[in-house]
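Inspection log for the structure reproduced underneath, given as structure tokens.
Chain identifiers are assigned alphabetically (A, B, ...) following the order of the sequence lines, protein sequences preceding nucleic acid strands; residue numbering begins at 1 within each chain.
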Amino acid sequence: MDNLIDKTYNPKTAEDKWYAAWEKAGCFKPKKGKQGKTFSLIMPPPNVTGKLHMGHALDATTQDALIRFKRMKGFETLWIPGTDHAGIATQSVVEKLIQKEEKKNRHEIGREEFLTRIWKWKEQYGNEIVAQQKKMGVSCDWDYSTFTMDEVPNKAVRKFFVRMFNEGLIYQSDYIVNWDPKLQSAISDAEVEHKEVKGFFYHLLYKVKGSDEVLEVATTRPETIFADTAVAVHPEDERFKHLIGGTAIIPICNREVPIIGDEHVDIEKGTGCLKVTPGHDFNDFEIGKRHSLPIINIMNKDGTFNNGAPEIEGLKVKDARERIESILNELGELKEKKPHVAQVGHGERSDAIIEPLVSKQWFLNVSKMAEVAVEAVESGAMTFYPKGWENTYFAWLKEPKDWCISRQLWWGHQIPVFYCLSCAHQWASESDPTDCPQCRANNFRQDPDVLDTWFSSGLWPLSTLGWPDEKAMAEKRFNDFYPTATLVTGFDIIFFWVARMMMMCGEMTGQPPFKHVYIHAIVRDKQGRKMSKSLGNGIDPLDMIAQYGADAMRFTLAAGSGYNRNLNLDPERIEGYRNFMNKIWNAFRFIQPHLELAADELPPKEKWHLHDRWILSELNTVAGRMNEAIDEYRFDDACSAIYQFVYEKFCSWYIELSKNILNGNDEAAKRQRATVLKYGFRQIMKLMHPITPYITEELWSILDGKTLLASESYVESDAHLSDERVADLMNRFIEVVTGIRNIRQGVNIKPKDQVDIRLFTDDAKFAKFLYDSRHFLGDLAAVKSGTIRQKSAERPKRSVSSALTHTEIWIPLEGLVDIDEQVKKVQKDIEKTKDDYQRIEAKLSNATFVDNAPEDVVLEVREKARQFQEKLQSLQTILGQFQ
RNA sequence: GCGCCCGUAGCUCAGUUGGUUAGAGUAUUACCUUGACAUGGUAGGGGUCACAAGUUCGAAUCUUGUCGGGCGCACCA
């Protein structure tokens with residue numbers, strides 16, 4: 001007894017120890033298995049600037065559970081980790097740091113030096129998240145770890161770029177982009193956050209040339225009138241139709257612009273009359289394209305106005321607007337000003353107000369790739385779990401817009417386009433050129449922009465496996481692991497990432513980069529709100545691990561992961577599952593002293609005790625359910641199946657039923673019970689290991705001591721273990737025990753006081769089972785003596801009793817029993833049972849039901865009716881004793 | 001505005017192609033320091049499956065509508 005383990009499970013010591021042991025043993029490296037197939041995952045690369053949050057923890061848990069499961073099932077598994085350079089996020093972190101420490105911006109430092117600083121910063125801090133992932137227990141092959149700006153991903157990016165460029169699918173064009181005046185770069189739609197901003201609606205008056213008419217134009221941005229190149233009305237608008245083709249005069253600058261008709265204008269909205277500013281508004285840009293309007297840019301890259309707007313030159317938007325307002329007032333051309341709340345785009349990182357600005361950008365035409373990506377899902381070559389997410393995927397890919405791939409940043413893959421300064425030739429090149437391919441001059445420069453971060457992420461399944469470097473591909477076994485098996489990620493990046501990988505990898509290899517995409521929930525707080533810094537409602541996974549252990553957190557996340565959209569996380573749930581871990585720990589503490597007795601192999605089936613047959617049958621059921629559930633990404637089902645089994649079946653019944661045997665004198669029975677307990681517990685460890693790797697490995701080391709559980713085989717379902725008949729008998733037995741306990745509590749019999757019971761049943765097999773189990777009733781319900789008879793036998797006097805559908809339980813009581821209370825109880829039960837019976841009987845007397853319902857359903861209902869009838873008779877008998 | 005999803009116990013959620021008396025966890029109530037475990041045990045209470053109509057022998061499940069909530073896209077002159 002003195003070598004017993006601690007009374008509670010201590011996660012901290014187990015976690016560090018076993019992670020190191022797994023790595024040392026190379027458990028996470030691909031190893032040929034009995035399936036003869038591979039199973040590979042790529043981990044969505046977190047930002048290098050990142051810190052582990054609950055979303056990462058969920059991501060890591062589901063992927064780790066999946067890959068550990070497949071590894072144990074005998075697949076040759078590979079899980080590839082990595083980090084993303086995250087262009088803007090990283091650049092602005094380092095820029096802020098330099099600003100704070102040296103009071104310099106990046107332009108003052110210079111591009112080359114700035115990049116050196118970022119790389120240095122990345123080496124120093126960039127791997128914080130890796131250490132955090134290891135705490136979670138992720139079983140990825142760290143030798144495969146890739147950074148999106150490593151040499152191979154850079155080659156991949158350039159190869160893809162050059163091919164698209166040469167096919168004419170990458171082109172340069174003037175386009176209106178989200179311009180962040182603080183970062184001084186275009187940013188993607190995803191990086192724009194819309195916030196409500198209070199402002200005003202200004203109604204301006206535009207004179208119509210050669211007429212007395214005046215157009216009243218509503219705008220939220222009067223300062224942009226200098227860039228107006230048209231006034232638009234709806235072509236069917238009776239009020240203004242006749243003016244189309246005419247000329248309007250812009251207030252203040254008195255420039256003349258055409259009046260055009262465009263469907264975009266909403267007759268009902270505002271004044272029905274719209275100023276068109278293609279240089280500074282997204283919709284106006286589109287209108288301008290349709291009508292070939294000129295584009296006027298009145299803004300500098302820093303957000304101030306340029307000399308195209310002389311009255312407000314050098315001013316920022318806010319001041320400019322006030323200035324314009326007062327000028328318009330002087331001129332009498334501001335008819336109205338009313339408060340208005342608008343959604344205004346802000347830079348996600350900089351929080352600056354985003355200015356729509358026209359500039360030269362690089363675009364990738366994705367129409368053909370998008371078609372292929374759609375086809376891959378429609379044909380079933382790639383499947384979403386849950387399936388509904390394909391709608392989101394299609395929504396974007398069926399109407400793809402050309403993708404703006406250039407960013408005016410320094411941190412990222414520089415666009416591999418070169419301009420010859422001698423002959424003006426422009427070309428794309430996979431390697432850095434030494435001279436111009438056309439005129440051989442070595443006087444050229446590279447495009448200064450870098451590519452959107454998603455451009456390299458889109459090639460991630462290829463580049464992490466060495467593509468396009470042949471040597472690296474051979475080393476990393478590209479052909480064995482591409483395409484990968486499953487992509488696990490959140491729905492927020494279905495089109496940013498999933499769709500782009502499908503397009504880009506599909507384009508380069510002709511096959512989708514993965515067979516399944518499992519979309520997991522978004523982790524929210526317990527009230528369903530998004531976790532955010534501003535709300536301060538974030539839950540730090542590392543805190544939770546410190547408090548409850550990695551396994552408890554993993555189990556909580558897995559138990560909340562199925563086909564749901566949100567996972568509302570309450571730390572109390574983690575605490576609950578911490579308690580479950582402790583329960584398992586203590587179940588082992590119960591078994592531990594008997595391990596020496598236990599044999600390694602189960603005895604032959606014909607020797608199994610009924611309890612053994614039952615628990616092994618139940619174990620087999622749970623193994624089957626877990627296998628199915630994990631294969632379908634139903635981690636919630638897998639968790640609830642094993643939880644139920646361990647808690648209710650194994651601990652509450654099998655262990656309790658084992659005490660009598662293990663404390664008895666029958667050595668053979670003791671040995672067999674110890675053997676089955678050990679066997680069952682080993683199976684539980686295997687079943688749980690993918691979800692809770694640490695505690696199971698820790699207990700396995702005491703159970704086994706030789707092998708690592710991480711490298712064991714998973715438990716498969718085995719039909720010859722299942723035994724429905726025994727399960728049925730056990731369920732009835734459990735009902736009887738619960739029934740006795742129920743009666744005892746109902747009349748306040750103290751737990752220690754022993755009772756004498758009389759059982760009546762007409763089921764001979766069950767009667768025998770009860771007789772065989774009579775000693776267990778003492779342990780489970782403090783029964784000291786009793787009889788089992790048929791229902792024709794005489795009942796005892798002065799008893800409290802209750803009826804099951806198959807058995808009557810009578811407890812004769814010498815002391816006083818509140819007869820009225822007992823009668824009431826029985827009558828209530830009779831009422832309920834009558835209701836149940838009548839509902840069922842109504843079905844049976846309905847001829848159409850009997851004719852139409854499947855035979856087995858009818859049989860079940862008949863059996864149910866019979867049971868209710870039997871119970872009703874018993875209840876009448878019980879009531880009879882009081883009369 | 002277009003599209004998608006959801007509404008089941010106080011809370012968080014399961015409920016597969018319609019088929020017994022709708023299930024878990026958590027919270028809650030009563031009793032219990034019993035030799036694995038108080039991070040525990042035993043036994044309870046708690047649901048008109050949002051509402052309405054329809055299809056069906058049978059509806060939480062299918063159809064339509066209403067109400068409520070969420071998300072995506074678009075819009076935000």
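Judged by distance alone with a 3.5 Å cut-off, no donor-acceptor contact links the side chain of A/Glu572 to the base of B/U26. At a cut-off of 3.5 angstrom, the base of B/U20 holds no donor-acceptor pair with the side chain of A/Lys843. Under 3.5 Å, the side chain of A/Arg578 and the base of B/U39 form at least one donor-acceptor pair of N or O atoms.
Taking atom C1' on both B/A74 and B/C13, the two are 33 Å apart, rounded to the nearest angstrom. Taking atom C1' in both B/A43 and B/U48, the straight-line distance is 28 Å, to the nearest Å. If you take atom P in B/G25 and the same atom in B/C37, they sit 22 Å apart, rounded to whole Å. A distance of about 15 Å separates the C1' atoms of B/A52 and B/G7, rounded to the whole Å. The C1' atoms of B/A22 and B/G18 are separated by 14 Å, rounded to the nearest whole Å. On the P atoms, B/U20 is 15 Å away from B/G58, given to the nearest whole Å. Comparing B/A60 with B/G69, their P atoms sit 26 Å apart, to the nearest whole Å. The C1' atoms of B/C49 and B/U8 are separated by 4 Å, rounded to the nearest whole Å.
Under 4.0 Å is where a charged nitrogen must lie from a carboxylate oxygen, and between A/Arg625 and A/Glu628 no such pair does. Between A/Arg290 and A/Asp262, at least one side-chain N (NZ, or NE/NH1/NH2) sits under 4.0 Å from a carboxylate O, which counts as a salt bridge. Between A/Lys834 and A/Glu841, none of the side-chain N atoms (NZ, or NE/NH1/NH2) sits under 4.0 Å from a carboxylate O, so this pair counts as no salt bridge.
Dashed line: the shortest gap from a side-chain N or O of A/Asn742 to OP1 or OP2 of B/G44 is under 4.0 Å. In terms of phosphate contacts, A/Asn579 brings a side-chain nitrogen or oxygen within less than 4.0 Å of OP1 or OP2 of B/G40. When the side-chain nitrogen and oxygen atoms of A/Lys659 are compared with OP1 and OP2 of B/U34, none of them lie within a distance under 4.0 Å. Applying the 4.0 Å criterion to OP1 and OP2 of B/A38, one finds that A/Lys7 has a side-chain N or O inside that range. Taking side-chain N and O atoms only, A/Thr8 has no distance below 4.0 Å to OP1 or OP2 of B/G40. For B/C32, neither phosphate oxygen OP1 nor OP2 lies less than 4.0 angstrom from any side-chain nitrogen or oxygen of A/Arg744. Residue A/Arg573 has no polar side-chain atom (N or O) positioned under 4.0 Å from OP1 or OP2 of B/U26. Between A/Thr738 and B/A43, a side-chain N or O to OP1/OP2 separation shorter than 4.0 Å is present. Taking only side-chain nitrogens and oxygens, A/Tyr643 comes nearer than 4.0 Å to OP1 or OP2 of B/U26. Remark: A/His264 is in phosphate contact with B/C76, judged by side-chain N or O atoms under 4.0 Å from OP1 or OP2. A close approach under 4.0 Å does occur between a side-chain nitrogen or oxygen of A/Asn568 and OP1 or OP2 of B/C13.
Judged purely by atom type and a 3.5 angstrom limit, A/Arg744 uses its side chain to pair as donor or acceptor with the backbone of A/Pro751. Remark: side-chain polar atoms of A/Arg682 are not paired, donor with acceptor, to backbone N or O of A/Leu703 under 3.5 angstrom. A distance-only check finds a donor-acceptor pair linking the side chain of A/Asn731 to the backbone of A/Ala727 [under 3.5 Å]. Without hydrogens or angle criteria, A/Asn663 side chain to A/Lys659 main chain gives a donor-acceptor distance under 3.5 Å.
Counting non-hydrogen atoms under 4.0 angstrom, A/Asp636 reaches nothing in the nucleic acid. Residue-level contact check: A/Ile840 touches the backbone only, with heavy atoms under 4.0 Å from sugar-phosphate atoms and none from bases. Across all strands, A/Thr219 comes closer than 4.0 Å only to sugar-phosphate atoms, never to a base (heavy-atom distances). Here A/Asp637 lies in heavy-atom contact (under 4.0 Å) with sugar-phosphate atoms only. Among the protein residues, A/Gln644 comes within range of the sugar-phosphate backbone only, with heavy atoms under 4.0 Å from sugar or phosphate atoms but none that close to a base. Residue A/Lys275 is classed as having no contact, given no heavy-atom separation below 4.0 Å to the nucleic acid. At a threshold of 4.0 angstrom between heavy atoms, the contacts of A/Arg862 with the nucleic acid are absent. Within the 4.0 angstrom heavy-atom criterion, base atoms lie near A/Val265. Using a 4.0 Å heavy-atom cutoff across all strands shown, A/Glu656 reaches at least one base atom of the nucleic acid. The residue A/Ser652 sits close only to the backbone: its heavy atoms come under 4.0 Å of sugar-phosphate atoms, none of a base. A/Tyr647 comes within contact range of the sugar-phosphate backbone alone, with a heavy-atom separation under 4.0 Å but no base atom that close. A/Asp835 comes within 4.0 angstrom of nothing in the nucleic acid, heavy atoms only. Within 4.0 Å of A/Phe201, counting heavy atoms only, lie sugar-phosphate atoms of the nucleic acid but no base atom.
The side chain of A/Arg589 approaches B/A36 more closely than any other nucleotide in the set B/U42, B/A36, B/C76. Comparing B/U42, B/G19, B/A36 by their nearest atom to the side chain of A/Cys651 picks out B/A36.
Nearest-nucleotide positions on RNA chain B place A/Ile591 closer to the 5' end than the other of A/Glu575 and A/Ile591. Between A/Ser640 and A/Trp585, the residue anchored closer to the 5' end of RNA chain B is A/Ser640, taking for each the nucleotide with the nearest heavy atom.
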- Query: Going through the distances and angles, do A/Ile655 and A/Lys649 end up as a side chain to side chain contact (heavy atoms under 4.5 Å, CB included)?
  - Reply: CA-CA 9 Å; A/Ile655 284 184; A/Lys649 307 269 162 63; over 6 Å; no
- Task: Take A/Thr8 and A/Asn582, measure what side chain to side chain donor-acceptor pair (under 3.5 Å) needs, and give me the verdict at the end.
- Result: CA-CA 6 Å; A/Thr8 50; A/Asn582 196 54; 5.0 Å; no
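In this structure, B/G46 makes no Watson-Crick or G-U wobble pair, since no nucleotide meets both defining distances under 3.5 angstrom. The base-pairing partner of B/A9, taking Watson-Crick or G-U wobble contacts with both distances under 3.5 Å, does not exist among the strands shown. Of the nucleotides present, B/C2 is the one that pairs with B/G72 by Watson-Crick or G-U wobble criteria, both distances under 3.5 Å. Using Watson-Crick or G-U wobble geometry with both donor-acceptor distances under 3.5 Å, B/U16 finds no partner in any strand shown. Nucleotide B/A27 is matched to nothing when pairs are restricted to Watson-Crick or G-U wobble geometry with both distances under 3.5 angstrom. Using N1 to N3 plus N6-O4 or O6-N4 for Watson-Crick, or N1-O2 and O6-N3 for G-U wobble, each under 3.5 Å, B/G35 pairs with nothing.
Annotation: A/Phe495 is not in aromatic contact with A/Tyr393 [ring centroid separation under 6.0 Å not met].
Whole-Å rounding puts the A/Asp851 CG to B/C57 P distance at 11 Å. The NZ-C1' distance, from A/Lys750 to B/U42, rounds to 14 Å in whole Å. For the pair A/Tyr563 OH and B/C6 C1', the interatomic distance rounds to 18 Å; values are reported in whole Å.
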